[in-house]
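Heads up: the structure comes next, in structure tokens.
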Amino acid sequence: MAIIQAENGRLVRRMAGELLVLEPWGENALRVRATFDAELPANDWALLPRPEAEGAVIETDGRSGSITCGKITATIGPGGDLHFFNQKGACFLREQWRERGEMDGHGLYEVTSALRIPGRHFLPHTGGDYQLTVRFEPNPGEKIFGMGQYQDGCLDKMGTTLELAHRNSQASVPFFISNKGYGMLWNNPAIGRVTFAKNTTEWVASATKAMDYWICAGDSPAQIEALYSSAVGRAPMMPDYAMGFWQCKLRYRTQEELLQVAREHKRRGLPLSVIVCDFFHWPYQGDWRFDPLEWPDPKAMVEELAALGIELMVSIWPYVDTRSENFQEMHDRGLLARVERGVPFSMYGCGNTLPYDPTHPEARKFVWETVKKNYYDLGIRVFWLDEAEPECAVYDFDNYRYHAGSVLQVGNLYPVRYAQTFYEGLLAAGEKLPLNLLRCAWAGSARYGALVWSGDIGTTFETLRQQLAAGLSMAVAGIPWWTTDIGGFHGGNQDDPAYRELLVRWFQFGAFCPVFRLHGCRENGFPSDSPNKAGTGGPNEVWSYGEEVYDILKDYLFLRERLHDYIKEAMEAASRCGTPPMRPLWYDFPSDRRAWEVEDCYLFGSSLLVAPVLYPGMRTRELYLPEGDYWTDPYTGTRYEGGRSITVDAPLNRIPVLARGEAQLPIL
């Protein structure tokens, strides 16, 4: 017989070897864990330490029980099944059991389903871990938003299956907000999958010791986001320089080439906040220093850029080439990821490499101390932490192991610990507002100053549409600092009119993203002149695409500058209460049912509705205006009442934006 009781402010059930624990974890929130080990694992994973929770109420008769924390109540039935209710008593989520029984008046156990499918299923592996499956009943009409970055173009994730794993351009951040008034974090870094289907919601972890998720209830999406961001940590305040324009390409080969681009920006009187020294500026991967043949005086370069008001961001890769000056020491000290079988490297990139292991504290210390000596001490304080998944030549997740465990168990932690390496190093060095660019994230990355971009994506309008969904999904999942390679990464002919149109539309979209950054591997580049280095893409400056395009891009550079104070307010809100600067319409207008359907427009800050042009040849744009306020077209002065769709002009030089209510914004 199951034993359910209150223990130290927690609701605990023990039955047939399973330990199930529900406990308050912040206001209106519960943490739910289960294991077949004697005790729960000590890991908090994405969650910050448990905050003080006042007023939690626990009731139990020994066979069933309930726990209430503010606006959320969870119950455990006699069969062990879990139900979750809001403050109005409505059940918004319940486990899906197909073997559940009830005790009748004679003490007999009545089977209610012959399927024998449990809501929580621990399938043991040899050696002690389990494959975990957790199932929930579907909610009719439910919509699911968040979950991180997937290149599927789906903002509403209902009806999708998502791999809970990182890849180049894919970041699993397993938190979602439901239109049913709750949010849920799958607090497990194991490789797995989730399916939001019509007949079931099913979470799977490939190898784990425990079930672990965090769930909250709220009156609005903003309240739910605030609860979640408080539980996993919010982004710090974005530094002022990061809100301007970032110039980047694959790649500036030499110190002089990079400086010439910076000087040309200033000669033309164009705003430029950050310029990027991209990959293979080093002798070998893992040296984490400039190659003196091509970058003879980086300190002087940093000083000249600073005099121009420009920050230098330097690319860091986590890989260590077997020929690197640091490889042998890091290998011998166990500071590199390990390969379980086969050849002892995981990635080929102009050499055989293994990534450093950021789950190992000593590895984090070694890498930061090397970077500090070779970059930070020269005046460089912004780092591009590329390959943050990390990317593998073959994604055999079962073949790699970290200090914290096998990749099957903990693989999704990698980008969090990678960001932690540099965030904590920069803080210790005296930086007040660290920021680093990464290609991946997991839950909790935001608290380490992680700015995430959407990876090595294509150069098509279809890809552009996918980035809109990806950016909004990352925002809901608690990653407020997000950007994308304007124009896409792979290819793009500077002289092709069709590509120029795409670049213009992407640039306009980028001007209304949290970070405004031009990057890509354009055509007409240069092959590598060394077997140890990658080649380069072609020109990718704003003046590289002809005079007509240049005039349009120049206007948006200055528009971004005029919006600086407005963007700063949005970043302050993200740091203070977790509100993402870029967000779906329903976030601010949850009572408008039509707002939950819109996937091609978004809010940038609280007062701008942005309607990017997502198809070639489009010169008008239909869009929906949420009800509850009025909206003004800054280009025409026309005022529209909300709660209806309108059609506006979208000539090549204009992205449709509308100001909310009384907002006075310097669009023109």
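Any value given below was found using the heavy atoms of this structure, including those in side chains, with hydrogens, waters and symmetry copies removed.
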| Going by atom types alone, do Tyr550 and Glu541 pair a side-chain donor with an acceptor below 3.5 Å? | no

| message | Pairing donors with acceptors under 3.5 angstrom, does anything connect the side chains of Tyr418 and Arg439? | response | no

| message | Does the Lys NZ or Arg CZ of Arg560 fall within the cation-pi geometry relative to Phe245 - under 6.0 Å from the ring centre and within 45° of the axis? | response | no

| query | Does Val515 offer a backbone N or O that forms a donor-acceptor pair with the side chain of Thr483 under 3.5 Å? | reply | yes

| task | Look only at the side chain of Ser229 and the backbone of Glu225, and say whether a donor-acceptor pair between them is shorter than 3.5 Å. | result | yes

| task | Mark yes or no for whether Tyr448, through its side chain, and Asn436, through its backbone, hold a donor-acceptor pair below 3.5 Å. | result | no

| query | Are any of the side-chain heavy atoms of Thr160 and Thr195 separated by less than 4.5 Å? | reply | no

| field | pair Leu47-Val232: side-chain heavy atoms closer than 4.5 Å | value | yes

| said: Checking side-chain polar atoms at under 3.5 Å, does Asn540 have a donor or acceptor matched by the opposite partner on Tyr545? | reply: yes

| message | Test ring-ring contact (aromatic ring centres under 6.0 Å, His included) on Phe145 and Trp586; report intermediate values, then the result. | response | CA-CA 10 Å; Phe145 298 92; Trp586 51 259; 4.8 Å; yes

| query | Is any side-chain heavy atom of Glu599 less than 4.5 Å from a side-chain heavy atom of Asp156? | reply | yes

| request: Could you give me the CA-CA distance, side-chain angles and deciding distance for Trp214 and Trp45, then say whether side chain to side chain contact (heavy atoms under 4.5 Å, CB included) is met? | output: CA-CA 11 Å; Trp214 178 94; Trp45 302 127; over 6 Å; no

| query | With sequence neighbours left out, what residues match Tyr150 under ring pair (Phe, Tyr, Trp, His ring centres under 6.0 Å)? | reply | none

| said: Could you go through Tyr213 and Met184, starting from their C-alpha distance and side-chain angles, then the distance that decides it, and tell me whether this counts as side chain to side chain contact (heavy atoms under 4.5 Å, CB included)? | reply: CA-CA 7 Å; Tyr213 59 90; Met184 178 176 167; 3.7 Å; yes

| message | When you compare the side chains of Gln467 and Gln151, does any donor N or O come within less than 3.5 Å of an acceptor on the partner? | response | yes

| message | I'd like to know whether Arg583 forms a side chain to side chain contact (heavy atoms under 4.5 Å, CB included) with Ser606, so could you lay out the CA-CA distance, the side-chain angles of the two residues, the decisive distance to 0.1 Å, and finally the verdict. | response | CA-CA 9 Å; Arg583 51 193 186 263; Ser606 60; 3.6 Å; yes

| said: Ring-plane angle category for Phe507 and Phe516, please: parallel below 30°, perpendicular beyond 60°, tilted otherwise. | reply: perpendicular

| Geometric class of the Trp246/Tyr241 ring pair [parallel <30°, tilted 30-60°, perpendicular >60°] | tilted

| task | If the plane angle is over 60° it's perpendicular, under 30° parallel, otherwise tilted; pick one for Phe176 and Tyr182. | result | perpendicular

| request: Taking atom types as modelled, find out whether Thr647 and Thr620 have a side-chain donor-acceptor pair closer than 3.5 angstrom. | output: no

| task | Answer yes or no: is there a side-chain heavy-atom contact under 4.5 Å between Val657 and Tyr635? | result | yes

| request: Might you confirm whether atom CD of Glu548 has over 12 heavy atoms from other residues, nucleotides or ligands at distances under 6.0 Å? | output: no

| said: Tell me whether the rings of Phe489 and His519 are parallel (<30°), tilted (30 to 60°) or perpendicular (>60°). | reply: tilted

| message | When you compare the side chain of Leu563 with that of Leu559, does any pair of heavy atoms fall below 4.5 Å? | response | yes

| query | Between Arg447 (side chain) and Ala235 (backbone), is there a donor-acceptor pair under 3.5 Å? | reply | no

| task | Using atom types as modelled and distance alone, determine if a side-chain donor or acceptor of Thr459 lies under 3.5 Å from a backbone N or O of His490. | result | yes

| Between the side chain of Glu389 and the main-chain N/O of Cys440, is any donor-acceptor distance below 3.5 Å? | no

| Is the CZ atom of Arg593 crowded by more than 12 outside heavy atoms at less than 6.0 Å? | no

| query | Can a salt bridge be assigned to the pair Asp152 and Lys157 using a cut-off of 4.0 Å between side-chain N and carboxylate O? | reply | yes

| Any donor-acceptor N/O pair, Asn86 side chain to Ala90 backbone, under 3.5 Å | yes

| Which is it for Lys554 and Val542 under the side chain to side chain contact (heavy atoms under 4.5 Å, CB included) test, yes or no, and what are the steps along the way? | CA-CA 8 Å; Lys554 181 170 61 174; Val542 292; over 6 Å; no

| field | Gap separating the OH atom of Tyr587 from the CD1 atom of Ile224, nearest 0.5 angstrom | value | 9.5 Å

| message | Donor-acceptor check, side chain of Asp485 to backbone of Asp456, threshold 3.5 angstrom: yes or no? | response | no

| field | Residues Ser645 and Arg594: side-chain donor-acceptor under 3.5 angstrom | value | yes

| query | Mind checking whether Tyr228 and Phe175 have parallel, tilted or perpendicular rings, split at 30° and 60°? | reply | parallel

| task | Report yes or no: does Arg621 contribute a side-chain atom to a donor-acceptor pair with the main-chain N or O of Met618 at less than 3.5 Å? | result | no

| request: Supply the atom-to-atom distance Leu668 CG to Asp555 CG, rounded to the nearest 0.5 angstrom. | output: 10.5 Å

| request: Begin with the C-alpha distance, continue with both residues' side-chain angles, and end with the deciding distance and a verdict on salt bridge (charged side-chain N to carboxylate O under 4.0 Å, His left out) for Arg619 and Glu501. | output: CA-CA 12 Å; Arg619 297 297 181 264; Glu501 180 185 9; 3.1 Å; yes

| Verdict with reasoning, Asn28 to Gln87, per side-chain hydrogen bond (donor to acceptor under 3.5 Å, both in side chains) | CA-CA 9 Å; Asn28 306 324; Gln87 74 272 26; over 6 Å; no

| query | Is any side-chain heavy atom of Leu427 less than 4.5 Å from a side-chain heavy atom of Pro434? | reply | yes

| Closest non-hydrogen atom pair, Arg654 against Tyr556 | CA-OH, 3.4 Å

| task | Please step through ring-ring contact (aromatic ring centres under 6.0 Å, His included) for the pair Trp384 and Trp453, ending with a clear verdict. | result | CA-CA 10 Å; Trp384 179 355; Trp453 99 96; 5.3 Å; yes

| Is it true that Glu264 and Arg267 have a side-chain N and a carboxylate O under 4.0 angstrom from each other? | yes

| Any idea how Phe85 and His83 line up, ring-wise: parallel (<30°), tilted (30 to 60°), or perpendicular (>60°)? | parallel

| said: For a quick check under 3.5 Å, do Gln149 and Trp482 share a side-chain donor-acceptor pair by atom type? | reply: yes

| query | Between Lys143 and Glu597, is there a salt bridge with N-O shorter than 4.0 Å? | reply | yes

| query | Atom CG of Leu625 and atom CG of Asp592: how far apart are they, to the nearest 0.5 Å? | reply | 10.0 Å

| field | Derivation of the side-chain hydrogen bond (donor to acceptor under 3.5 Å, both in side chains) call for Gln494 and Ser544 | value | CA-CA 7 Å; Gln494 300 92 332; Ser544 303; over 6 Å; no

| query | Met582 versus Val610: any side-chain heavy-atom pair under 4.5 Å? | reply | no

| request: State, with a plain yes or no, whether a side-chain heavy atom of His166 is found less than 4.5 Å away from one of Asn412. | output: yes

| query | What do you reckon, are the aromatic ring centroids of Tyr615 and Phe461 less than 6.0 Å apart? | reply | no

| task | May I ask you to say whether Arg660 pairs ionically with Asp588, meaning some side-chain N is under 4.0 Å from a carboxylate O? | result | yes

| query | Restricting to pairs with a member in residues 229-243, which pass salt bridge (charged side-chain N to carboxylate O under 4.0 Å, His left out), not counting sequence neighbours? | reply | Asp240-Lys568

| field | Exam field: side chain Tyr602 to backbone Ala469, donor-acceptor pair closer than 3.5 Å | value | no

